[in-house]
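When a residue number appears, it is its place in the shown sequence, counting from 1.
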Amino acid sequence: MIDVYSWATPNGHKIHILLEELGLPYRVHAVDIGAGDQFKPDFLSISPNNKIPAIVDADGPDGKPISLFESGAILLYLAGKSGRFLGHTDREKFNTLQWLMFQMGGVGPMLGQAHHFRIYAPEKIEYAVNRYTNEAKRLYGVIDKQLSQHPYLAGNEYTIADIATFPWLRSWKNQGIELSEYPHLKTWFDAISERPAVKRGVEVLTSARKPLTDDKARDILFGSQQYQKR
């Protein structure tokens, strides 16, 4: 049994989707990031960066429990444990890794900033909105070009690179994107949306998440609590 400490966000959904695709038994523990659960000592003991998701696998590589934080590391661990969605040859694996790193270093952080300044920032800063919206469009363009040449990001097979990227593109409207302008990406997006495991994965904890409307939750997510030493 794998214990998953998570919330209904793109980074959380990456892990939910992969676990559903793999059919591995898992148990979800909700970490309500709007209520400050990510700062509790028990969670910090497995995720010192106070970010979801994190996992504890009772059956680690040496037969002993292992805990992991950072969604990219968790994806690699689960893909390696199962021997699926990473590629078979060294060439395929490194190709998957470069597109996974593209998501981790570019798609996630930049689309997250686009989201923040377009939707959540207390004041609309035109420079920031334009900067991150334009970067979002650039990244969508990179993905669209790759998918004009291959059915999936890392080539001919569905991998953790696709699983990592897909959840971040589900909120394309909030990122200032018109999906029809990226036809190859849209074809890929629509196909992945229809995968049964993906449908199940994106529903995990979704009913528990509430719209961000109160000042307390905003302060927890974006205010001074984020920067306290723990």
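At a threshold of 4.5 Å between non-hydrogen side-chain atoms, the residues Arg27 and Val4 do not count as touching. Put simply, the side chain of Glu178 reaches to within 4.5 Å of the side chain of Trp172, judged on heavy atoms. Annotation: side chain of Ile119 is not in contact with side chain of His116 (no heavy-atom distance under 4.5 Å). Gln175 is listed as a side-chain neighbour of His115, based on a closest heavy-atom distance under 4.5 Å. In this structure, Phe43 and Ile52 have side chains that are in contact, with non-hydrogen atoms separated by less than 4.5 Å. With contacts defined as side-chain heavy-atom distances shorter than 4.5 Å, the pair Leu19/Val204 does not qualify. The shortest distance between side-chain heavy atoms of Thr96 and Glu157 does not fall below 4.5 Å. The closest side-chain heavy-atom distance from Leu153 to Thr159 is not below 4.5 Å.
Taken to the nearest 0.5 Å, the CD1 atom of Ile160 stands 11.5 Å off from the CD1 atom of Ile74. We find the CG-CD1 distance between Asp3 and Ile55 to be 9.5 Å, quoted to the nearest 0.5 Å. Annotation: the span from Leu78 atom CG to Glu21 atom CD amounts to 12.5 Å, rounded to 0.5 Å. Distance check: Phe85 CZ to Tyr152 OH gives 10.0 Å after rounding to the nearest 0.5 Å.
Residues Tyr77 and Asp57 have side chains that bring a donor and an acceptor to within less than 3.5 angstrom of each other. In this model, a donor atom of one side chain and an acceptor atom of the other lie less than 3.5 Å apart for Tyr26 and Glu20. His150 and Asn156 are not linked by any side-chain donor-acceptor pair at a separation below 3.5 angstrom, with hydrogens and angles left out of the test. At a cut-off of 3.5 Å, with distance as the only test, a side-chain donor of Asn11 or Lys14 sits close to an acceptor on the other residue. Between the side chains of Tyr140 and Glu181, no donor-acceptor pair is found at a separation under 3.5 Å. Side chains of Ser6 and His29: a donor-acceptor N/O pair is absent below 3.5 angstrom, by distance only.
Using a 30° and 60° split on the angle between ring planes, Phe102 and Trp99 fall in the perpendicular class, above 60°. Using a 30° and 60° split on the angle between ring planes, Phe166 and Phe189 fall in the tilted class, from 30° to 60°.
Between Ala161 and Leu100, the shortest heavy-atom distance links the atoms CB-N, 4.0 Å. Of all heavy-atom pairs spanning Arg209 and Thr9, the tightest one is NH1-CA, 3.8 Å. Of all heavy-atom pairs spanning Val129 and Lys124, the tightest one is CG2-CD, 4.4 Å. In terms of heavy atoms, Leu185 sits closest to Asp144 at N-OD1, 2.9 Å. Residues Gly155 and Pro151 approach most closely at O-CD, 3.4 Å, considering heavy atoms. Looking at every heavy atom in both residues, Ala114 comes nearest to Thr133 through CB-N, 4.5 Å.
Within a 6.0 Å radius of CZ in Arg131, no more than 12 heavy atoms belonging to other residues, nucleotides or ligands are found. Counting heavy atoms of neighbouring residues, nucleotides and ligands inside a 6.0 Å radius, atom CD of Gln149 exceeds 12 of them. More than 12 heavy atoms of other shown residues, nucleotides or ligands fall within 6.0 angstrom of atom NZ in Lys81.
Leu22 is connected to Ile2 through a chain of hydrophobic side-chain contacts under 4.5 Å among Ile, Leu, Val, Met, Phe, Trp and Tyr, so both are in one cluster. With hydrophobic clusters built from ILVMFWY side chains whose heavy atoms lie under 4.5 angstrom apart, Val31 does not share a cluster with Leu44. Note on Leu179 and Trp188: same hydrophobic cluster, where clusters join Ile, Leu, Val, Met, Phe, Trp and Tyr whose side-chain heavy atoms are under 4.5 Å apart, directly or indirectly. The cluster map of Ile, Leu, Val, Met, Phe, Trp and Tyr, joined by side-chain heavy atoms under 4.5 Å apart, puts Leu205 and Phe69 in different clusters. Residues Met104 and Ile17 are members of one and the same hydrophobic cluster, defined by side-chain heavy-atom contacts under 4.5 angstrom among Ile, Leu, Val, Met, Phe, Trp and Tyr.
Not one N or O on the side chain of Asn95 forms a donor-acceptor pair closer than 3.5 Å with the backbone of Arg91. Judged purely by atom type and a 3.5 angstrom limit, Glu92 uses its side chain to pair as donor or acceptor with the backbone of Thr89. Judged purely by atom type and a 3.5 angstrom limit, Ser45 uses its side chain to pair as donor or acceptor with the backbone of Asp42. Of the possible polar contacts, one joining the Gln38 side chain to the Ile33 backbone as a donor-acceptor pair under 3.5 Å is found.
Between Glu194 and Lys199 there is a salt bridge, since a side-chain N of the basic residue sits under 4.0 Å from a carboxylate O of the acidic one. A salt bridge links Arg138 with Glu135; the closest basic N to acidic carboxylate O contact falls under 4.0 Å. One finds no salt bridge joining Lys64 and Asp59 here, because no Lys/Arg side-chain nitrogen approaches an Asp/Glu carboxylate oxygen to under 4.0 Å.
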Step by step, would you call Leu169 with Ile143 a side chain to side chain contact (heavy atoms under 4.5 Å, CB included)? CA-CA 11 Å; Leu169 308 189; Ile143 296 170; 4.3 Å; yes
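For the pair Arg195 and Tyr158, the cation sits on the ring face: its NZ or CZ lies under 6.0 Å from the ring centre, inside 45° of the axis.
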